[in-house]
Protein chains: 2
Amino acid sequence: MSNAREQILQTTCTLLEKQGYHGTGLNEIVKESHAPKGSLYYYFPDGKEQITAEAVLQSGKDTAERIRMGLSESGSASKAVSDFVLKVADHVELSGFAAGSPLTTVAMETATQSERINLACREAYGMLQSAFNEKLLECGFAKAKADELATFVVASIEGGIILSRTSHTANPLRLVAKQLKVLLS
Amino acid sequence: MSNAREQILQTTCTLLEKQGYHGTGLNEIVKESHAPKGSLYYYFPDGKEQITAEAVLQSGKDTAERIRMGLSESGSASKAVSDFVLKVADHVELSGFAAGSPLTTVAMETATQSERINLACREAYGMLQSAFNEKLLECGFAKAKADELATFVVASIEGGIILSRTSHTANPLRLVAKQLKVLLS
DNA sequence: GTCTATACGGTGATAGAC
DNA sequence: GTCTATCACCGTATAGAC
């Protein structure tokens with residue numbers, strides 16, 4: 001895969017993360033990614049919708065990978081999940097509360113506006129849930145229980161990100177870490 | 001307060017709920033609210049930022065009120081919160097997953113972009129947390145514990161809304177209701 | 001208070017040269 | 001593959017009549 005194409009996707013992820021779909025312009029993406037402007041519609045003939053959908057999928061894949069990495073560091077599901085959420089808290093804090101999940105905003109903005117992007121978001125969230133799910137299964141949770149808990153874990157992390165970004169404090173996310181630790185133990 | 005002004009705010013709430021800040025235009029607000037276009041900048045001299053900030057506050061106030069209403073129907077905090085979340089699930093489902101919280105999207109979009117709107121979102125979330133907090137205190141939770149739980153309740157509801165809107169199923173929210181019921185009992 | 005008209009920048013997108 | 005020029009459109013915001 002070409003370098004310019006990859007650069008565009010990565011930059012789009014970053015911009016979506018802090019500005020959302022409607023807040024991010026193609027010109028901005030080109031400028032920020034230092035990619036040749038002419039190549040935008042060459043690599044992404046379907047325009048903004050395609051770029052966003054692919055960026056969302058990319059981001060889902062990357063995040064799921066990071067979750068798996070993080071979770072493998074601890075044996076118990078309880079500590080593993082909690083530690084991961086604390087890492088997210090650090091990330092959000094270090095970015096000056098500009099970052100969070102690239103999915104959250106985009107998912108909300110496009111849920112009923114673009115089917116293509118919506119499907120990408122759905123798939124991306126599925127990847128995150130699967131990553132948590134696997135860990136829970138490994139740790140002995142029954143299948144149905146693991147499914148439910150994985151969904152709840154993702155939900156409360158997303159909510160924690162929202163509250164932390166809004167309040168400009170990592171406290172809500174750290175609190176989510178604490179509650180999930182209790183819940184999973 | 002004038003009728004046009006109120007109409008504009010209410011319409012803005014609805015549009016923000018499904019489209020977010022950058023996805024909602026002033027022309028759209030005027031058209032949808034059937035308010036005289038000329039009065040937009042008469043009532044809101046600071047433009048879009050002011051309209052949004054006021055709509056967010058309005059929405060926070062209304063939602064907090066609805067939370068209090070809902071919570072007062074049941075005695076135990078556990079059942080009260082759970083029932084409220086189930087109502088939210090119905091609301092999201094009935095709207096065809098177009099609606100959710102007017103705050104979520106706006107809060108994420110503007111966290112580091114508009115101080116005025118960010119402060120409004122912060123205050124609005126504070127109102128929601130307070131509503132839950134009061135109920136928890138009434139039900140005998142210690143102050144520190146009630147604070148933590150209220151934050152976690154709001155976070156997981158917000159996350160549930162995101163997942164439900166994205167997946168076009170009310171399941172995530174219903175699952176949040178179930179988990180919170182256990183957590184608070 | 002409300003209306004119409006308009007300024008002006010930025011948006012996504014396309015065409016055609018190279 | 002990439003560049004430049006250009007398109008039509010929509011965004012917010014303002015001016016001035018009534």
Side-chain angles (χ1 to χ4, degrees), chain A residues 1-56 102 105-106 108-110 112-118 120, chain B residues 1-56 102 105-106 108-110 112-118 120:
Chain A
M1 185 183 293
S2 111
N3 198 353
R5 192 188 150 91
E6 207 149 345
Q7 260 302 314
I8 289 174
L9 281 183
Q10 207 200 316
T11 306
T12 304
C13 282
T14 311
L15 291 175
L16 289 177
E17 192 167 354
K18 67 175 171 196
Q19 299 174 337
Y21 179 67
H22 289 115
T24 302
L26 294 183
N27 296 332
E28 200 180 359
I29 293 174
V30 169
K31 187 170 151 199
E32 208 80 10
S33 66
H34 304 289
K37 165 140 191 170
S39 41
L40 225 170
Y41 279 91
Y42 174 80
Y43 289 117
F44 306 93
D46 292 347
K48 193 181 184 182
E49 216 183 358
Q50 181 184 3
I51 299 182
T52 306
E54 293 200 25
V56 162
T105 321
V106 176
M108 286 292 289
E109 285 178 289
T110 62
T112 55
Q113 308 230 53
S114 157
E115 190 177 358
R116 183 171 188 169
I117 300 177
N118 174 47
Chain B
M1 186 181 294
S2 115
N3 198 354
R5 191 188 150 92
E6 207 150 342
Q7 260 301 315
I8 289 174
L9 281 183
Q10 207 199 317
T11 305
T12 304
C13 282
T14 311
L15 292 175
L16 290 178
E17 192 168 352
K18 65 176 171 195
Q19 301 174 336
Y21 179 68
H22 288 114
T24 302
L26 294 183
N27 296 332
E28 200 180 358
I29 293 175
V30 168
K31 187 171 151 198
E32 207 79 12
S33 66
H34 304 289
K37 164 138 190 171
S39 41
L40 225 168
Y41 279 91
Y42 174 78
Y43 289 118
F44 306 93
D46 292 346
K48 193 181 184 181
E49 217 183 356
Q50 182 184 2
I51 298 181
T52 306
E54 293 200 25
V56 162
T105 321
V106 177
M108 286 293 290
E109 285 178 289
T110 62
T112 55
Q113 309 230 54
S114 157
E115 190 177 0
R116 183 170 187 171
I117 300 178
N118 174 47

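Per chain, numbering begins at 1; letters A, B, ... match sequence-line order.
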Measure the distance from [atom1] on [X] to [atom2] on [N] and round it to the nearest whole Å.
| X | N | atom1 | atom2 | answer |
| --- | --- | --- | --- | --- |
| Asn3(B) | dT2(C) | CG | P | 10 Å |
| Tyr41(A) | dT6(D) | OH | P | 19 Å |
| Gln7(A) | dT2(D) | CD | C1' | 17 Å |
| Lys37(B) | dA17(D) | NZ | P | 19 Å |
| Arg5(A) | dT2(D) | CZ | C1' | 16 Å |
| Asp46(B) | dA13(D) | CG | P | 9 Å |
| Ile29(A) | dG10(C) | CD1 | P | 17 Å |
| Leu40(A) | dT4(D) | CG | P | 14 Å |

Checklist line | Per Leu26(B) side chain, nearest of listed nucleotides dT12(D), dT2(C), dC3(D) | finding: dT12(D)
Next item on the list: Look at all strands and tell whether Tyr43(A) reaches a base, only sugar-phosphate, or nothing, counting heavy atoms closer than 4.0 Å.
Entry: sugar-phosphate
If only side-chain N and O atoms of [X] are considered, is one of them under 4.0 Å from the OP1 or OP2 phosphate oxygen of [N]?
| X | N | answer |
| --- | --- | --- |
| Tyr42(A) | dT2(D) | no |
| Asn27(B) | dC10(D) | no |
| Lys48(A) | dG12(C) | yes |

Next item on the list: Measure the shortest side-chain to side-chain distance between Phe44(B) and Ile8(B) over non-hydrogen atoms and say whether it is less than 4.5 angstrom.
Entry: yes
Next item on the list: Compare all side-chain heavy atoms of Leu26(B) with those of Ile51(B) and state whether any distance is below 4.5 angstrom.
Entry: yes
Checklist line | Salt-bridge present (Arg5(A), Glu54(A); N to O < 4.0 Å) | finding: yes
Margin query: Given 3.5 Å as the limit, does a donor-acceptor pair link the side chain of Glu109(A) with the main chain of His22(A), or not?
Written below: yes
